[in-house]
Amino acid sequence: MSLPDLTDDLTGVMDYLEPLTLRRADTAVETHIPQALRRVVSERESAASGGEILLADVHFHLPTS
């Protein structure tokens with residue numbers, strides 16, 4: 001059994017995806033992303049960051065396309 005290639009199959013194997021708009025800090029150009037996966041920051045990850053990543057932060061996993 002092979003694992004799915006999440007590069008192309010994120011929307012096919014994940015539930016609870018949500019739309020978002022990505023705007024880079026150095027430009028006004030916005031990109032609409034119809035399906036992104038939101039992940040909370042763990043206490044372990046926050047503690048290891050030395051205060052740069054807070055528990056209130058989130059990570060988004062975006063499709064590469």
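Between H61 and R38, every side-chain heavy-atom pair lies at or beyond the 4.5 Å cut-off. In this structure the side chain of E18 never reaches within 4.5 angstrom of the side chain of Q35, judged on heavy atoms. Between F60 and L20, the closest side-chain pair of non-hydrogen atoms falls below 4.5 Å.
Listed by chain and number, the hydrophobic cluster partners of I53 are V41, where partners are ILVMFWY side chains within reach of under 4.5 Å, directly or through others.
Separation of atoms CZ (R39) and CG (D57) is listed at 11.5 Å; rounding is to 0.5 Å.
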Quick one: side chains of residues 22-34, donor-acceptor pairs under 3.5 Å with protein atoms, not counting sequence neighbours, listed by atom name and distance.
from : atom 1 : to  : atom 2 : distance (Å)
R23  : NE     : E30 : OE2    : 3.4
T27  : OG1    : V29 : N      : 3.2

